[in-house]
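Presented below is the structure to which this report refers.
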Amino acid sequence: MRLLEYLVEVFIQTFGITRPTEAQRRRVTFLLGGALLFGALLVIAAGVGMVFYLHTSR
C-alpha cells in the first residue's frame, strides 16, 4: 500500500493535479496507483522480453 501511495503522491506532484479529499484518497490510490504500477510492470516485462528475444535469436 505504501508503494501505491508513494506513486500517487509523485504523480500528483509531478503533474500538479488537484489533491483528492481524504474520503477519495483510498479509491484514488488504488485506481491511479494500480494503473501506474501496472504500466511500470508492463514496461519492465517488455524490456525483459526484448532482451530474451535478442539473446535467443542469434
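Since we're looking at a predicted model, the values are computed, not measured. Just so you know, residue 1 is the first one in the sequence shown, and it goes up from there.
- A continuous path of ILVMFWY side-chain contacts below 4.5 Å connects Val8 to Ile17, so both sit in one hydrophobic cluster.
- Among pairs with a residue in residues 8-29, those fulfilling ring-ring contact (aromatic ring centres under 6.0 Å, His included) read Phe11-Phe15, at least two apart in sequence or across chains.
- Arg26 is linked by a side chain to side chain donor-acceptor pair (under 3.5 Å) to nothing, counting only residues two or more places apart in sequence or in another chain.
- In this structure Thr18 satisfies the side-chain contact (heavy atoms from CB on, under 4.5 Å) test with no other residue, sequence neighbours excluded.
- In this structure, the side chain to side chain donor-acceptor pair (under 3.5 Å) partners of Gln13, at least two apart in sequence or on a different chain, are Glu9.
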Please list every donor-acceptor pair under 3.5 Å in which a side-chain atom of residues 27-54 meets a protein atom from a residue at least two apart or in another chain.
{"unit_1": "Thr29", "atom_1": "OG1", "unit_2": "Arg25", "atom_2": "O", "d": "2.7"}

